[in-house]
*Asks:* 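Take a look at the following structure, please.
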Amino acid sequence: MFYKSTRNSNVKVTAAEAISKGISDDGGLFVPEYIPTFSKEDFNELKTLDYIGIAKKVLERYLDDFTEEELDYCLKGAYSGTFDDDEPAPLYKLENGKYILELWHGPTCAFKDLALQLLPYLLTTSAKKVNKGKAVILVATSGDTGKAALEGFCDVENTEIMVFYPNNGVSPMQKLQMDTQKGKNVFVCAINGNFDDAQSSVKTIFTDTKTKEILKQNGMEFSSANSINWGRLVPQIVYYVASYCNLLKDGADLSDGFDIVVPTGNFGNILAAYYAKEMGVPVRRLVCASNANNVLTDFIKTGKYDRNREFFTSVSPSMDILISSNLERMVYHLLGNDAQVSAAYQKSLSENGEYSVSSEVLEKLQALYFGGCCDDEKTLETIKAVYDKYNYLCDTHTAVAVAVAEEYLATEGNNRPVVIASTASPYKFAASVLKAIEPSKCSDDEFLMVKELSAITKTKVPKPIMNLSSATVRFNNVCEKKDIKSVVLKNLGL
């Protein structure tokens with residue numbers, strides 16, 4: 001299995017090279033030359049396996065330059081004893097035909113753990129295969145990726161990790177999770193700007209020839225823990241395959257397949273569901289749920305991607321994104337893997353802030369995806385409605401997905417089962433969730449609100465959240481977006 005760049009058809013690298021580099025030298029993203037498939041017999045075997053077993057079957061199709069022993073080492077290291085009850089992605093049944101895929105039972109209480117517990121193993125194994133020096137992991141985060149990456153790479157040998165987040169664009173709990181991170185090889189810095197500013201600056205550094213040469217002279221190389229890195233994305237395919245196996249075991253009526261709803265900003269999570277579909281999981285439609293930053297909704301409806309719009313700071317901050325990096329991979333596939341046209345679209349996006357796909361591509365896009373959006377008011381209403389109806393507590397991002405799922409079902413009128421991706425624990429966004437459930441109990445004390453939410457709903461506060469109350473703040477750095485490169489080099493002593 002080789003990987004190509006979404007912007008240059010002449011690029012051809014192994015999985016280990018794609019993971020160690022993170023991003024192609026031309027600025028494109030690595031994609032597999034083809035998407036492997038599972039047969040009916042394969043799925044009959046998969047449904048008998050545990051999560052690690054399913055993950056191994058998926059990863060060996062994409063990472064075939066890894067030995068069986070290397071995959072076992074990576075998977076057991078990532079998923080043994082790190083998730084609640086050793087179930088990384090349990091499927092919760094709300095009612096017949098409606099399921100919640102809970103992806104927040106890891107060490108940072110967010111779906112990013114499913115990939116970022118594994119990525120350090122994949123990256124260090126890849127680096128050894130391609131004889132790379134110290135890996136310098138640069139991360140731009142809208143909240144959850146930052147902490148999950150810091151946790152995953154903390155004190156990992158031969159790596160340095162630096163995380164940049166928007167100063168006023170993450171929840172207090174997300175900020176505290178990052179700023180209290182332990183580890184000798186970690187660095188955290190807020191930027192005066194939004195997530196798109198951080199992401200654009202970091203991607204620019206990746207392709208800056210002079211900066212890369214400085215690192216090379218000092219035995220270092222940049223890599224990424226964002227979902228632009230294939231090693232971050234491929235583990236996410238696993239939990240959609242696992243969810244299908246769990247539906248089979250639950251006896252769900254899958255005669256007409258099922259639908260998946262994903263709250264998404266950077267498009268990586270829902271793109272992983274697309275790859276699972278192409279592998280043979282019987283997904284009929286992918287439902288893309290956005291908050292007030294509805295650039296993806298508009299794109300799915302019109303075929304025009306336009307980031308030239310007002311940016312909203314919402315109660316679902318991990319989705320406060322206007323430049324969805326992983327959409328580049330999806331559009332590339334919709335173009336029939338045409339790197340030349342794909343590169344032209346990205347050039348237009350960079351220079352003009354927009355691009356439009358052809359009617360043929362739009363037709364393919366709309367056959368695959370339904371797009372919907374939900375503002376803050378509707379998000380909070382949905383949290384309350386889900387709690388009242390099902391006695392189930394969901395966070396602000398999951399609530400966006402539930403609201404858009406209801407819109408989709410009302411529009412499409414089908415009876416297929418629907419799986420809704422739940423991307424974070426409600427306790428990561430306790431203030432907003434408490435405001436939805438019992439606004440009179442809100443206060444300025446984040447941890448008091450955590451306790452109030454637990455008492456009212458009789459739900460358990462995850463240990464990683466409770467432990468933050470006594471954690472020591474290590475980082476209080478703030479920089480301008482134009483200064484990120486100099487901050488990176490200074491922190492590396494270069």
*Asks:* Between atom NZ of Lys384 and atom CD of Glu438, what is the distance when rounded to the nearest 0.5 Å?
*Replies:*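 Those atoms lie 8.0 Å apart.
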
*Asks:* Any side-chain heavy atom of Phe153 within less than 4.5 Å of one from Leu119?
*Replies:*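 In short, these two side chains touch, coming nearer than 4.5 Å.
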
*Asks:* Is any side-chain N of the basic residue among Lys112 and Asp144 closer than 4.0 Å to the acidic one's carboxylate O?
*Replies:*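 Here Lys112 does not pair with Asp144 in a salt bridge, since their nearest N and O are not under 4.0 Å apart.
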
*Asks:* Report yes if some heavy atom in the side chain of Asn491 is under 4.5 Å from a heavy atom in the side chain of Met162; otherwise report no.
*Replies:*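 Result yes, sub-4.5 Å side-chain heavy-atom pair found.
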
*Asks:* Would you say the side chain of Leu59 lies within less than 4.5 Å of the side chain of Leu118, judging by non-hydrogen atoms?
*Replies:*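 Yes; the side chains approach each other to less than 4.5 Å.
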
*Asks:* Could you label the plane-to-plane angle of the Tyr305 and Tyr355 rings as parallel, tilted or perpendicular, counting under 30° as parallel and over 60° as perpendicular?
*Replies:*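 Answer is parallel, since the angle falls under 30°.
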
*Asks:* Can you tell if the side chain of Leu114 reaches within under 4.5 Å of the side chain of Tyr51, non-hydrogen atoms only?
*Replies:*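 Answer yes - side chains close enough.
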
*Asks:* So how far is it from Ile205 CD1 to Ser200 OG, rounded to the nearest 0.5 Å?
*Replies:*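 Reported value, rounded in 0.5 Å steps: 11.0 Å.
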
*Asks:* Could you check Leu176 against Glu446 for side chain to side chain contact (heavy atoms under 4.5 Å, CB included), going step by step and ending with a plain yes or no?
*Replies:* CA-CA 11 Å; Leu176 192 59; Glu446 191 75 15; over 6 Å; no

*Asks:* Between Asp253 and Ser255, is any side-chain donor less than 3.5 angstrom from a side-chain acceptor?
*Replies:*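 Yes - a donor-acceptor pair under 3.5 Å links their side chains.
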
*Asks:* Just do the side chain to side chain contact (heavy atoms under 4.5 Å, CB included) check on Ser443 and Met449 with the steps written out, would you?
*Replies:* CA-CA 7 Å; Ser443 67; Met449 288 190 286; 3.7 Å; yes

*Asks:* Would you check, one step at a time, whether the test side chain to side chain contact (heavy atoms under 4.5 Å, CB included) holds for Lys56 with Leu49?
*Replies:* CA-CA 10 Å; Lys56 185 177 179 180; Leu49 304 177; over 6 Å; no

*Asks:* So which heavy atom on Leu322 is nearest to which on Glu310, and how close?
*Replies:*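 The answer is CD1-O, 4.3 Å.
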
*Asks:* Heavy atoms only: give me the nearest Ile456-Tyr387 pair and the separation to one decimal.
*Replies:*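 Looking at all heavy atoms of both residues, the closest pair is O-OH, 3.7 Å.
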
*Asks:* Would you say that more than 12 heavy atoms from the other residues, nucleotides or ligands in this model lie under 6.0 Å from the CG of Asn308, or not?
*Replies:*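 Atom CG in Asn308 is crowded, with more than 12 foreign heavy atoms closer than 6.0 Å.
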
*Asks:* Indicate whether any N or O donor in one side chain lies under 3.5 Å from an N or O acceptor in the other, for Gln174 and Ser318.
*Replies:*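 Present: a donor and an acceptor within the cut-off.
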
*Asks:* Atom CD of residue position Glu412 - does it have more than 12 heavy atoms of other residues, nucleotides or ligands inside 6.0 Å?
*Replies:*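 Enclosed: over 12 neighbouring heavy atoms sit under 6.0 Å from CD of Glu412.
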
*Asks:* Would you say the ring centers of Trp104 and Tyr92 fall short of 6.0 Å from each other?
*Replies:*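 No, too far apart.
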
*Asks:* Does a donor on one side chain sit under 3.5 Å from an acceptor on the other, for Thr108 and Glu151?
*Replies:*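 No, no side-chain donor-acceptor contact under 3.5 Å.
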
*Asks:* In terms of heavy-atom contacts, does NZ of Lys481 have more than 12 from other residues, nucleotides or ligands at under 6.0 Å?
*Replies:*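 Incorrect, the count does not exceed 12.
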
*Asks:* Taking only Lys NZ, Arg NE, NH1 and NH2, and the carboxylate oxygens of Asp or Glu, determine whether Asp250 and Lys93 approach each other closer than 4.0 Å.
*Replies:*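 Yes, this pair counts.
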
*Asks:* Answer yes if the side chains of Asp320 and Asn293 hold a donor-acceptor pair under 3.5 Å, and no otherwise.
*Replies:*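 Yes, because at least one side-chain N or O of Asp320 sits under 3.5 Å from a partner of the opposite role on Asn293.
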
*Asks:* Aromatic ring centroids of Phe267 and Phe299 under 6.0 Å?
*Replies:*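 Ring-ring flag for Phe267/Phe299: false, centres at least 6.0 Å apart.
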
*Asks:* Between Thr159 and Asn185, do the side chains contain a donor N or O and an acceptor N or O under 3.5 Å apart?
*Replies:*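 A donor-acceptor contact under 3.5 Å links the two side chains.
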
*Asks:* Could you check if a side-chain atom of Val170 sits within less than 4.5 angstrom of a side-chain atom of Gln177, using non-hydrogen atoms only?
*Replies:*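 No; the side chains remain at least 4.5 Å from each other.
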
*Asks:* Test side chain to side chain contact (heavy atoms under 4.5 Å, CB included) on Leu122 and Leu63; report intermediate values, then the result.
*Replies:* CA-CA 10 Å; Leu122 296 179; Leu63 313 181; 3.9 Å; yes

*Asks:* Mind checking whether Tyr369 and Leu296 have side chains closer than 4.5 Å, heavy atoms only?
*Replies:*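 No, their side chains stay 4.5 Å or more apart.
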
*Asks:* A side-chain contact here means heavy atoms from C-beta on lying under 4.5 Å apart; do Leu91 and Val419 qualify?
*Replies:*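 The answer is yes, as the side chains (C-beta and beyond) meet within the 4.5 Å cut-off.
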
*Asks:* When rounded to the nearest 0.5 angstrom, what distance separates CZ in Phe30 from CH2 in Trp230?
*Replies:*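 Answer for the CZ-CH2 pair, Phe30 versus Trp230, is 12.0 Å.
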
*Asks:* Once you round to the nearest 0.5 Å, how far does CG of Asp86 lie from NE2 of His105?
*Replies:*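 Reported to 0.5 Å precision, the distance equals 12.5 Å.
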
*Asks:* First locate atom CZ of Phe43, then atom CD1 of Ile54, and finally report the distance between them rounded to the nearest 0.5 Å.
*Replies:*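 Spacing of CZ (Phe43) from CD1 (Ile54) equals 10.0 Å.
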
*Asks:* Would you say Lys378 has more than 12 foreign heavy atoms packed within less than 6.0 Å of its NZ?
*Replies:*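 12 or below, so no.
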
*Asks:* Flag the pair Tyr62 / Ile35 as yes when at least one side-chain heavy-atom distance between them is below 4.5 Å, and no otherwise.
*Replies:*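 When only atoms from C-beta onward are counted, Ile35 and Tyr62 do touch, with a gap below 4.5 Å.
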
*Asks:* Do NZ/NE/NH1/NH2 and the carboxylate oxygens of Lys435 and Asp376 come within less than 4.0 Å?
*Replies:*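 No, Lys435 and Asp376 are not salt-bridged.
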
*Asks:* Tell me, yes or no, whether the heavy-atom count around Lys249 atom NZ, taken from other residues, nucleotides or ligands under 6.0 Å, exceeds 12.
*Replies:*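 Check passes, neighbour count above 12.
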
*Asks:* State, without any angle test, whether Asn269 and Tyr240 hold a side-chain donor-acceptor pair at a distance under 3.5 Å.
*Replies:*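 Yes, Tyr240 and Asn269 have a side-chain donor paired with an acceptor closer than 3.5 Å.
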
*Asks:* I'd like to know if the side chain of Asn226 pairs up with that of Gln199 as donor and acceptor (distance under 3.5 Å, no hydrogens or angles considered).
*Replies:*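 Result is no, nothing qualifies.
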
*Asks:* Here's a test for you: under salt bridge (charged side-chain N to carboxylate O under 4.0 Å, His left out), which of Arg284, Lys277, Arg416, Lys98 qualifies with Asp259?
*Replies:*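 By the salt bridge (charged side-chain N to carboxylate O under 4.0 Å, His left out) criterion, Asp259 pairs with just one of Arg284, Lys277, Arg416, Lys98: Arg416.
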
*Asks:* For Asn415, does the CG atom sit with more than 12 other heavy atoms under 6.0 Å from it, leaving out its own atoms?
*Replies:*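 Result for CG/Asn415: open.
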
*Asks:* Out of curiosity, His333 NE2 to Leu368 CG, how far, rounded to the nearest 0.5 Å?
*Replies:*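 Those atoms lie 11.5 Å apart.
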
